[in-house]
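Atoms within a ligand are numbered from 1 in the order they appear, just like the ligands themselves.
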Amino acid sequence: MQGPPDPRERLLGLFGAGGEPSFVEAPGRVNLIGEHIDYHNLAVLPVALDRRIRVAFRARSDARISAVSAEYGSREFEWTAQLAPVARGDWENYLRAAAQAVAGRWGSGKGVDAVVDSRLPAAAGLSSSSALLVAFTLALLEANGLEASFTELMEILPAGEQFVGTRGGGMDHAASLESRAGCASLVEFAPLSVRPIPVPEGWGFLVAHSLQTAEKSGSAREEYNLRRAGGTTALARLGFASYREALPVALDAALRLQRGPERDAFLHVTSEALRVRAAVAAMESDDAVVFGRLLLESHASLRDQLRVSCPALNQLVEAAMESGALGARLTGAGFGGCVVVLCRAEDRQAVRRGLVDRFYAGRAGFDERIHLMDVRPAPGALHLEKK
Ligand code: GLA
């Protein structure tokens with residue numbers, strides 16, 4: 001997982017001497033609250049992690065894209081204006097998605113030789129795939145002397161990811177690009193905006209992995225797309241143009257829906273949107289107790305209404321609460337992956353130890369450095385110091 005110490009040497013070793021390599025990095029994110037609602041254009045509250053995807057690259061004179069990852073192997077393809085996906089689940093799809101996203105706006109250009117390193121666990125709900133898409137897109141732009149604003153990137157990136165088959169929203173890309181150190185990001189859509197919300201000093205967030213992966217490009221993808229479709233159908237049935245329009249009258253409106261997955265999705269989406277508002281207010285007024293309660297309510301809604309949790313995630317939430325946390329919930333798309341835990345900063349070690357004793361003890365494959373991380377709210381790719 002740990003990247004090699006010198007990606008420059010690695011690039012020169014793999015691709016031969018030549019021009020000096022450039023570097024771009026894009027962080028993963030943990031979503032604090034606002035789950036399964038970004039694709040309905042409702043506000044969410046993620047934090048960028050200090051774990052990133054890093055790309056060392058050098059422009060080529062032809063249009064070939066050649067990338068090597070210690071974890072996932074080497075890939076090479078010709079950058080043409082119209083690229084098709086390769087086999088489902090193959091990491092080349094993210095490289096292709098980046099190339100396609102850039103080509104759709106600026107046309108295809110010079111290819112790159114690239115070395116890709118990740119310090120983010122894959123399929124953990126921490127957006128390693130979006131971070132890869134963001135980093136590789138920035139590399140292709142830079143290799144071609146192009147500069148894109150945050151807004152322009154947000155116009156091409158979420159749509160680019162649909163190339164891989166997940167009809168996700170824009171939360172992951174916004175967090176990976178635009179986050180500020182020490183802050184959560186209140187991301188709003190239509191119109192797009194990102195407001196940094198400082199995380200109070202006395203708060204501690206942890207991310208704990210359930211040890212079950214949720215392949216976004218694989219089996220979890222149909223389930224994810226079904227949740228999105230359920231919420232969209234419910235909205236259409238009720239005759240609203242948007243969820244924002246539905247919010248003020250959501251409870252009455254839900255009575256007009258038949259019991260079942262569509263109504264449940266509608267109830268989750270509308271209640272989660274209100275929890276995001278309340279969570280921002282709690283963070284701004286340094287009320288960790290209220291924020292923790294909102295995390296638990298969000299988890300219950302994701303578990304019981306949207307049904308995207310699993311036993312390991314539920315056990316982790318319980319273990320966190322028994323260990324002195326103020327709140328916890330599954331984060332990301334669900335179906336495995338991670339939970340985010342809030343505790344008082346001074347209780348962080350005790351909660352970590354409690355999670356190890358109550359949840360991880362005796363589970364095969366647990367590595368504390370990978371599966372249990374302290375959240376240090378980090379800057380996004382557009383605010384990182386250029387190396
Ligand atoms: C995935 C998607 C995001 C978001 C979350 C669920 O991470 O990429 O856009 O929809 O699931 O909140």
Side-chain angles (χ1 to χ4, degrees), residues 26-49 53 93-94 97 101 120-134 153-154 156-179 184-190 192 194 207 209-210 213-232 243 265 268-273 275-276 279 294-295 298-299 301-303 305-310 313 329-340 380:
R29 61 96 188 98
V30 57
N31 188 18
L32 300 185
I33 196 159
E35 216 64 86
H36 281 272
I37 63 171
D38 63 340
Y39 47 71
H40 293 308
N41 282 335
L42 292 168
V44 293
L45 191 68
V47 160
L49 298 169
I53 301 275
N93 281 321
Y94 289 96
L120 270 166
L126 302 178
S127 271
S128 60
S129 51
S130 301
L132 172 58
L133 175 63
V134 167
L153 288 165
M154 286 300 290
I156 61 168
L157 288 172
E161 193 138 339
Q162 298 185 14
F163 183 86
V164 191
T166 315
R167 295 182 48 75
M171 163 170 67
D172 308 345
H173 318 90
S176 185
L177 286 163
E178 193 59 10
S179 295
S185 295
L186 177 63
V187 183
E188 305 209 49
F189 305 94
L192 175 71
V194 178
V207 173
H209 199 298
S210 65
T213 54
E215 292 292 343
K216 195 168 163 188
S217 57
S219 55
R221 139 177 141 164
E222 276 85 16
E223 291 294 330
Y224 178 92
N225 291 345
L226 272 175
R227 301 308 186 280
R228 177 175 179 143
T232 306
Y243 264 100
H268 167 74
V269 171
T270 49
S271 63
E272 185 76 352
R275 282 188 287 274
V276 172
L294 292 162
L295 295 183
S298 171
H299 184 77
S301 179
L302 290 158
R303 183 190 60 207
Q305 310 217 72
L306 208 61
R307 284 184 278 275
V308 296
S309 191
C310 65
L313 289 169
R329 60 174 210 89
L330 76 84
T331 183
F335 314 108
C338 293
V339 300
V340 59

Could you list which atoms of ligand 1 come closer than 4.0 Å to a heavy atom of [X]?
X	result
M171	4 (C), 5 (C), 12 (O)
H36	6 (C), 12 (O)
G169	9 (O)
Y39	10 (O)
A333	11 (O)

Do any nitrogen or oxygen atoms of [X] come within less than 3.5 Å of a nitrogen or oxygen of ligand 1?
X	value
G168	no
D38	yes
E35	yes
S127	no

Is there a side-chain contact between [X] and [Y], using heavy atoms and a 4.5 Å cut-off?
X	Y	value
V276	I37	yes
H268	L302	yes
S301	S271	yes

Considering only heavy atoms, does R29 approach ligand 1 within less than 4.0 Å through its side chain, its backbone, both, or neither?
->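 It is the side chain that touches ligand 1; the backbone stays farther off.
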
With distance as the sole test, does R228 use its side chain to make a donor-acceptor pair with the main-chain N or O of G168 at under 3.5 Å?
->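 Yes, the answer is positive, given that a donor and an acceptor are paired below the 3.5 Å cut-off.
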
Rounded to the nearest 0.5 Å, what separation is found between the SG atom of C338 and the CG atom of L330?
->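 The CG atom of L330 is 10.0 Å from SG of C338, to the nearest 0.5 Å.
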
Sequence neighbours left out, what passes salt bridge (Lys or Arg N to Asp or Glu O under 4.0 Å) with R303? Give chain and number order.
->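 For R303, no residue satisfies salt bridge (Lys or Arg N to Asp or Glu O under 4.0 Å) once neighbours in sequence are set aside.
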
Sorted by first residue and then second, give each salt bridge (charged side-chain N to carboxylate O under 4.0 Å, His left out) pair with at least one member in residues 33-42; sequence neighbours left out.
->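 Pairs touching residues 33-42 that pass the test: E35-R329.
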
